[in-house]
Amino acid sequence: MSKKNGNEALSRRAFLASAATVGASAMAAPAFAQSALDTLINAPRRGNWDDQFDAKAASRTATAVVSNTPILGPQSVASAQQAIMQYQQIAAAGGWPEVNPGDQRLQLGVSSPAVQALRQRLAITGDLPREAGMSNAFDSYVDGAVKRFQARHGLPSDGVLGEFTLKAMNIPADVRLQQLNTNLVRLQTFPEDLGRRHLMVNIPAAYVEAVEDGSVATRHTAVVGRLSRPTHLVNSKIYEVILNPYWTAPRSIVEKDIMPLMRKDPTYLEKNAIRLIDGKGNEVSPETVDWNGEAPNLMFRQDPGKINAMASTKINFYNKNGEYMHDTPQQGLFNKLMRFESSGCVRVQNVRDLSTWLLRETPGWNRQQMEQVIASGVNTPIKLATEVPVYFVYISAWGMPDGIVQFRDDIYQMDGNAELALDTTAGMEQPVQ
């Protein structure tokens with residue numbers, strides 16, 4: 001039996017074993033869920049605000065969701081199956097109540113009947129501890145539980161029920177179960193051995209994991225392709241890091257952006273350190289170009305520097321789409337709620353940390369030497385001594401060995417249900433007023 005077939009058979013056996021357990025558990029699922037709610041309801045009531053604060057509740061916030069276990073790895077399929085079992089039980093028990101605050105803004109310090117439904121919703125998915133009890137008070141337990149829920153869904157962990165937090169919270173349990181099943185199939189396509197050192201770019205999560213010896217060595221927020229210009233899924237290898245890269249404007253940007261800008265401001269190219277290069281490598285003066293006509297058949301190349309579109313760093317990997325990973329002078333983009341704004345390439349926050357990790361096994365390139373070269377402004381391509389595998393994946397729902405289940409917005413609408421595309425690409429989350 002081949003290794004691949006053996007892994008598939010093992011995966012099927014594991015799933016069938018899980019399914020058998022789920023079959024038995026599903027029969028008791030309503031009792032299981034009701035028992036959890038009963039425990040919550042019957043917990044000691046806290047009638048006064050002074051009794052509703054517990055400093056330990058802070059431990060259930062976003063930090064409790066962070067893990068050094070990579071999304072892709074030997075435990076990925078089993079963790080996804082564990083999450084599926086959990087959500088099968090929840091769906092079989094009738095799911096969770098809808099949270100409808102109406103015109104009221106639910107946040108720490110508020111007292112409202114809507115908080116009871118919120119407590120039930122959070123308790124069913126394990127975000128709210130049972131000892132929190134049932135009351136109308138949005139206390140520190142609920143605050144921590146909302147933050148934990150937000151962290152599991154890739155939302156800002158501020159403890160406030162904004163528009164997108166509420167949308168994510170009210171997606172039905174059976175839809176979330178469907179999303180987990182869809183992503184289980186995706187996870188099963190990857191081999192267990194992805195390489196001792198490898199990179200994973202998860203597009204729906206808009207972040208990058210650098211994995212070494214089965215553990216996440218460094219994780220980076222990213223900006224990936226928008227729906228109209230999606231980042232492609234690819235299994236490849238990183239072969240080069242370029243410090244102080246040149247940036248060559250794609251033809252589409254020349255036609256749609258640079259030409260109109262030059263008509264308005266003939267000094268635009270000079271201000272942005274963009275040079276015109278002909279087919280023989282000679283520089284062409286902008287004054288010789290008719291900017292009111294068609295875009296010239298010239299290379300528009302931006303010099304290295306702080307205003308360069310790729311800033312300090314470009315990371316190249318083999319692919320037919322002309323995509324790469326890079327730094328950006330627009331660091332504020334990493335603070336946005338959802339980061340799907342590029343034309344396909346991936347912008348990486350703290351890219352110098354990632355480059356240091358990539359070049360660690362390439363002699364002569366430590367962080368100090370990299371910084372010296374970047375400060376010099378000299379274009380410097382560096383070939384990796386050992387190419388690093390990179391996997392661009394679309395995983396919008398996954399489980400972790402510790403039982404934490406993560407979900408993300410289905411940005412490219414690949415999960416088969418319109419409810420999973422929360423439209424979180426529109427901008428910043430607005431509080432529900």
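Computed from a predicted model, the values in this text were never measured in an experiment.
- Side-chain contact between L199 and W357: present, with at least one pair of heavy atoms (C-beta onward) separated by less than 4.5 Å.
- Checked for salt-bridge contact, D415 and R186 meet the test: a charged N lies under 4.0 Å from a carboxylate O.
- In plain terms, the two heavy atoms of L122 and V146 that are nearest each other are CD1-CG2, 3.8 Å.
- Among the candidates R219, H220, R367, the single residue satisfying the side chain to side chain donor-acceptor pair (under 3.5 Å) test with D353 is R367.
- Residues L187 and I71 approach most closely at CD2-O, 4.3 Å, considering heavy atoms.
- The shortest side-chain heavy-atom distance between K167 and E163 falls under the 4.5 Å cut-off.
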Only distances under 3.5 Å count here; give the side-chain donor-acceptor pairs of residues 237-244 to other protein atoms, sequence neighbours excluded, each with its distance to 0.1 Å.
unit_1: E240; atom_1: OE1; unit_2: N316; atom_2: ND2; d: 2.8
unit_1: N244; atom_1: ND2; unit_2: V373; atom_2: O; d: 2.9
unit_1: N244; atom_1: ND2; unit_2: V378; atom_2: O; d: 2.9

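- Remark: side-chain polar atoms of S79 are not paired, donor with acceptor, to backbone N or O of S76 under 3.5 angstrom.
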### Message
Applying side-chain contact (heavy atoms from CB on, under 4.5 Å) to Q406 and R408, what does each step give before you reach the verdict?
### Response
CA-CA 7 Å; Q406 299 256 4; R408 294 296 184 272; 3.0 Å; yes
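- Side chains of I374 and R352 form a contact here, defined as non-hydrogen atoms less than 4.5 Å apart.
- Comment: E361 engages R197 in a salt bridge, judged by a side-chain N to carboxylate O separation of less than 4.0 angstrom.
- Between the N183 side chain and the W398 main chain, no donor and acceptor come within less than 3.5 Å of each other.
- To the nearest 0.5 Å, atoms OG1 (T125) and CD (Q120) are separated by 12.0 Å.
- Residues S135 and R119 meet the side-chain proximity criterion, which asks for heavy atoms closer than 4.5 Å.
- Counting heavy atoms from C-beta on, the side chains of I315 and L358 come closer than 4.5 Å.
- Note: F317 and Y391 fail the aromatic proximity criterion, with ring centroids not under 6.0 Å apart.
- Although no hydrogens or angles enter the test, the distance criterion places no donor-acceptor pair under 3.5 Å between the side chain of D143 and the main chain of L108.
- Using a 4.0 Å cut-off between charged side-chain N and carboxylate O, D265 and K271 make a salt bridge.
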### Query
Checking side-chain contact (heavy atoms from CB on, under 4.5 Å) for the pair S396/Q179: CA distance, chi angles, key distance, verdict?
CA-CA 8 Å; S396 64; Q179 187 179 14; 3.2 Å; yes
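- Taken to the nearest 0.5 Å, the CG atom of D303 stands 10.0 Å off from the CG atom of N379.
- Contact record, L194 with P191: CD2-O, 3.4 Å, taken as the closest heavy-atom pair.
- Of the inter-residue distances, the one linking L155 atom CG with F164 atom CZ reads 9.0 Å to the nearest 0.5 angstrom.
- Side-chain atoms of D127 do not come within 3.5 Å of backbone N or O of A123 as any donor-acceptor pair.
- For the pair P204 and V393, the tightest heavy-atom approach, listed with the atom from each and the gap, is CD-O, 3.9 Å.
- Atom CZ of R360 and atom OG1 of T356 lie 10.0 Å apart (nearest 0.5 Å).
- Ion pairing of R275 with E270 is absent here, as no side-chain N (NZ or NE/NH1/NH2) approaches a carboxylate O to less than 4.0 Å.
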### Task
Given ring-ring contact (aromatic ring centres under 6.0 Å, His included), test F407 with F149 step by step and report yes or no.
CA-CA 10 Å; F407 296 99; F149 175 90; 8.7 Å; no
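- No cation-pi contact links R263 to W291, judged by a cut-off of 6.0 Å to the six-membered ring centre and 45° from its axis.
- Side-chain contact annotation: Y207 with Q349, donor-acceptor N/O pair under 3.5 Å absent.
- Inter-residue side-chain proximity for I203 and I395 is flagged as unmet; no heavy-atom pair is nearer than 4.5 Å.
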### Trace of the side-chain contact (heavy atoms from CB on, under 4.5 Å) decision for V211 with R196
CA-CA 8 Å; V211 180; R196 183 181 68 83; over 6 Å; no
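- Interatomic distance, OG1 of T165 versus CG of D158, reported as 6.5 Å (0.5 Å rounding).
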### Message
Applying side-chain contact (heavy atoms from CB on, under 4.5 Å) to N202 and M200, what does each step give before you reach the verdict?
### Response
CA-CA 6 Å; N202 189 10; M200 182 217 66; 3.5 Å; yes
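- A donor-acceptor contact closer than 3.5 angstrom is absent between the side chains of N136 and S111.
- Counting heavy atoms from C-beta on, the side chains of N319 and F392 never come closer than 4.5 Å.
- Side-chain contact between E323 and T231: present, with at least one pair of heavy atoms (C-beta onward) separated by less than 4.5 Å.
- Checking Q150 against R148 by side-chain atom types alone, no donor-acceptor pair falls below 3.5 Å.
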Determine all donor-acceptor pairs shorter than 3.5 Å in which one atom belongs to a side chain in residues 295-302; sequence neighbours excluded.
unit_1: Q302; atom_1: OE1; unit_2: A309; atom_2: N; d: 2.8
unit_1: Q302; atom_1: NE2; unit_2: N272; atom_2: O; d: 3.1
unit_1: Q302; atom_1: NE2; unit_2: I307; atom_2: O; d: 3.3

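- The aromatic rings of Y394 and Y412 sit parallel, their planes meeting at an angle under 30°, below the 60° perpendicular limit.
- Looking at W247, its side chain never comes within 3.5 Å of a backbone N or O of A311 through a donor-acceptor pair.
- Rounding to the nearest 0.5 angstrom, the gap separating the CG atom in D409 from the CD1 atom in I411 is 6.0 Å.
- Considering every non-hydrogen atom in both A114 and L106, the closest pair reads CB-CD1, 4.2 Å.
- With respect to the salt-bridge test (charged N to carboxylate O, under 4.0 angstrom), the residues D327 and K314 do not qualify.
- Counting non-hydrogen atoms of other residues, nucleotides and ligands closer than 6.0 Å to NZ of K383 gives a total above 12.
- The shortest heavy-atom contact between P401 and T69 is CD-CG2, 3.9 Å.
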